[in-house]
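The structure appears right after this line, and notes come after that.
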Amino acid sequence: MSSRTYYVTTPIYYVNDVPHIGHAYTSLACDVLARFKRLDGYDVHFLTGTDEHGQKVEKAAATAGLSPQQFTDKVSQSFRDLVGKMNYSPDNFIRTTEPRHYKSCQALWEKLIAAGDIYLGKYAGWYSVRDETYFVEGETEVGQDGKRRATSTGAEVEWVEEPSYFFKLSAWTERLLAFYEKNPRFIGPDSRRNEILSFVKGGLQDLSVSRTSFSWGVPVPGDSKHIMYVWLDALTNYITECGYPDTDSPLWKYWPADLHMVGKDIIRFHCVFWPAFLMAAGLAPPQRVFAHGWWTNEGQKMSKSLNNAIYPDELVKTYGLDPVRYFLLREVPFGNDGDFQKRALIGRMNGDLANAYGNLCQRVLSIVAKSCGEKIPPRGTLTEADTALLDRAKGLLAIVRAELDDQAFHRALTAIWEVIADANRYVDAQAPWALAKTDPVRRDTVLWVLAETIRRVTLLVQPFMPESAAKILDQLGVPESARAFASFDAELVSGTGLPKPQGVFPRYVEPKAA
RNA sequence: GGGCCCGUAGUUCAGUGGUCAGAACGAGCCGCUCAUAACGGUUAUGUCGCAGGUUCAAAUCCUGCCGGGCCUACCA
């Protein structure tokens, strides 16, 4: 294994929800990076899992007539199932209810206590019984009747105080700003970085990191009335996985993580609280946190009341797995919000996959099958047009590598598809079907150049569409041992026997309206 | 209220001072026939949100306005 490690994580998903397209999207992005880095020779660790503590879970379990543990066992499984359905390749699936995680959280807690960054205080605020939540003063207003209510929900609130441990976040403002300054790539995209910066510059308040109002959580060491704040608990999963507190663990080599992929809603926890916790405990913060955007459904926000959430299994069933994977990362600049449109998905599926890429493979491979004895044709002298196309294909690896290091999936794919378009132009310009009669030697060379171009393109497609890419590489006679990027420059060998070509990307035809 | 971002062809977007403002998809026309009726060539479409200003020169910088989005702490 390579000494270059790459540790990428999804957020751990909160089990009070069934997996929808948002979860699928985050994990997909991580999966593509993990697969790419493995092919590129890194020692990769890809982690996903579920966050299983908190009041909502405790309540939902009670409603379902289950113990919290039974309840989370059940819901956690639906996220585990998503891994298979979407063909993700995590190295592990962590759950915050695992004993090793309790140990890790408590060890971190004790470190923070020892460092003087956690103290016992009082948590006070405007509590709404109906909403079961606290509001800060600014989120409430006093009505005509003299009663104070939460502005957002309209529920009456009362002043409540409870003992709570606090993390001295206020003391970290300057150190965090210095950290962001020194690590300009810590937060992506830039728009989010700006938001975090202005948030932190506004000054930080101490953070309540324990609760006494419910019990489904990690107990605070030495004070069993308290359980840990779910975010302190949840974030810690990233180091639990690496063996914390045992820094001699074989997995500790992966820390600090190269990338925490998150949705834009949880960026603050990852970019402010998490590095502060880690630095306070004397641990290195992650290298980078990237926040992607949200999907809307045909222009509308997805919500429970509209009942318009998009579920990955339904998409996969209708359109196939790889087209969905491709669409999600190609359609929208990663980091922006995106609108999910059926029409757009079908357009990508038919235009980019079936017509451009699939048909390119098919038209080339079928001539090879018919005219070259089902073998990789011999390669003759290369013309300028040949080397021009081959050079563009060769250059793709460096481009895709750079784009993916910026999480610019859409740009990586655009670059690959430009070469596919070049290849289609090249087919028309060279017209191998005409060369069959006039110059079969030249025809063979043209076909070799095309097959070789498809090989390079397809190696790079692997992380995005693993199954489809594998089928194409099979049809090109590329052995599995030659599919990592170490073999990127190992050109096709003339004379290699080939199987019968078969279409890999079917066109999508709308079923007759019911 | 404060802060950040956006408004460019039918659609999605690229373009941060300087050739006639670009791409993709969609549309029209032409070509090809190897291929999943796929592929290639070509044409057309824009008061670059509005109004001022700076400059030899602005989609690109500044100001104001209109429209839209996001952030503004313990509820994941």
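Every chain is numbered from 1 and lettered A, B, ... according to where its sequence line falls, protein lines coming before strand lines. Predicted model, so just to flag it, every value in this text is computed and none were measured. Worth knowing before you read on, the calculation uses all heavy atoms, side chains too, and leaves out hydrogens, waters and symmetry mates.
Rounded to whole Å, the P atom of B:U11 lies 33 Å from the corresponding atom of B:G2. Here the separation of B:G1 from B:U8, taken at their C1' atoms, is 32 Å to the nearest Å. Comparing B:A38 with B:C48, their C1' atoms sit 36 Å apart, to the nearest whole Å. Spacing between B:G68 and B:A35 at atom C1', rounded to whole Å, works out to 45 Å. Using C1' as the reference atom, B:G17 and B:C4 are 24 Å apart when rounded to the nearest Å. Nucleotides B:U63 and B:U72 are separated by 26 Å at their P atoms, to the nearest Å. Spacing between B:A14 and B:A51 at atom P, rounded to whole Å, works out to 24 Å. Spacing between B:G67 and B:G49 at atom C1', rounded to whole Å, works out to 8 Å.
With 3.5 Å as the limit, one finds no donor-acceptor pair spanning the side chains of A:T96 and A:H101. Side-chain contact, A:S164 with A:S208: a donor N or O sits under 3.5 Å from an acceptor N or O. Using a 3.5 Å distance cut-off with no hydrogens or angles, the side chains of A:D117 and A:W172 do pair a donor with an acceptor.
As judged by a 4.0 angstrom heavy-atom cut-off over every strand, A:G203 is placed among the base-contacting residues. As judged by a 4.0 angstrom heavy-atom cut-off over every strand, A:S191 is placed among residues making no nucleic acid contact. Base engagement by A:A354 is indicated by at least one non-hydrogen atom pair under 4.0 Å involving a base atom. At a threshold of 4.0 angstrom between heavy atoms, the contacts of A:R348 with the nucleic acid are absent. A:G358 comes within contact range of at least one nucleobase, with a heavy-atom separation under 4.0 Å. Base contact: A:L204 has a heavy atom under 4.0 Å from a base atom. Counting non-hydrogen atoms under 4.0 angstrom, A:F269 reaches the backbone sugars and phosphates but no base. A:V504 comes within 4.0 angstrom of a nucleotide base, judged by non-hydrogen atoms across all strands.
Which of B:C70, B:G40, B:C75 sits closest to the side chain of A:K56 comes down to B:C75. Of the candidates B:A35, B:C71, B:A73, B:A73 carries the atom nearest the A:F199 side chain, counting heavy atoms from C-beta on. Between B:A35, B:C70, B:A76, one nucleotide has an atom nearer to the side chain of A:I266 than all others, and that is B:A76. Comparing B:C74, B:C39, B:C34 by their closest approach to the side chain of A:N424 singles out B:C39. In this structure, of B:C75, B:C71, B:G40, it is B:C71 that holds the atom nearest to the side chain of A:R268. Checking B:C74, B:C70, B:G3 against every side-chain atom of A:S208, the shortest atom distance belongs to B:C74. If you check B:U11, B:C34, B:G40 against the side chain of A:R425, the one that comes closest is B:G40. Comparing B:C74, B:A35, B:C34 against the side chain of A:N359 picks out B:A35 as the nearest. Picking from B:A38, B:A35, B:C74 the nucleotide with the shortest atom distance to the side chain of A:S366 gives B:A35. Among the nucleotides B:C39, B:C74, B:U33, the one closest to the side chain of A:Y229 is B:C74.
Across every strand in view, B:C61 sits in a pair with B:G53 that passes the Watson-Crick or G-U test at under 3.5 angstrom. Using the Watson-Crick or G-U wobble rule with both distances under 3.5 Å, B:C29 pairs with B:G41. Across the strands present, B:G22 finds its partner in B:C13; the criterion is a Watson-Crick or G-U wobble pair with both atom distances under 3.5 angstrom. Pairing for B:G7 goes to B:C66, judged as Watson-Crick or G-U wobble with the two contacts each under 3.5 Å.
In this structure, the CH2 atom of A:W433 is 11 Å from the C1' atom of B:G31, given to the nearest Å. If you measure from atom CH2 of A:W216 to atom P of B:C75, you get 19 Å, rounded to the nearest angstrom. Look at CD on A:Q430: it is 22 Å from P on B:G31, rounded to the nearest Å. Here the P atom of nucleotide B:C70 and the CZ atom of A:R192 are 10 Å apart, to the nearest Å. In this structure, A:F273 atom CZ and B:C75 atom C1' are separated by 12 Å, rounded to whole Å. Rounded to a whole Å, the CZ atom of A:F214 is 10 Å from the C1' atom of B:A76. One interatomic measurement links the two molecules: CD of A:Q475 to C1' of B:U36, which rounds to 13 Å at whole-angstrom precision. The distance from atom NZ of A:K264 to atom P of B:U72 is 11 Å, rounded to the nearest whole Å.
Contact of the A:T296 side chain with the A:M302 side chain is not registered, since no non-hydrogen atoms from C-beta on lie closer than 4.5 Å. In this structure, the side chains of A:Q475 and A:P501 come closer than 4.5 Å at one or more pairs of heavy atoms.
The ring-ring contact (aromatic ring centres under 6.0 Å, His included) test with A:H270 singles out one residue from A:F277, A:Y238, A:F290, and that residue is A:Y238. A:W231 pairs with exactly one of A:F167, A:Y14, A:F269 by the ring-ring contact (aromatic ring centres under 6.0 Å, His included) rule, that one being A:F269.
For the segment residues 320-341 of chain A, the set of residues with a heavy atom within less than 4.0 Å of an atom of RNA chain B is empty.
Rounding to the nearest 0.5 Å gives a distance of 5.0 Å between CD of A:E452 and CG of A:L492.
For CD of A:Q77, the number of neighbouring non-hydrogen atoms (other residues, nucleotides, ligands) closer than 6.0 Å is greater than 12.
Ring to ring, A:F505 and A:Y326 are not that close: their centroids are 6.0 angstrom or more apart. Checked against the 6.0 Å centroid threshold, A:F327 and A:Y319 do not count as a close aromatic pair.
Checking the phosphate oxygens (OP1, OP2) of B:G3, no side-chain nitrogen or oxygen of A:K201 falls inside 4.0 Å. OP1 or OP2 of B:A38 lies within a sub-4.0 Å distance of a side-chain N or O belonging to A:R507.
Nearest-nucleotide mapping onto RNA chain B: of A:N194 and A:Y14, the residue sitting toward the 5' end is A:N194.
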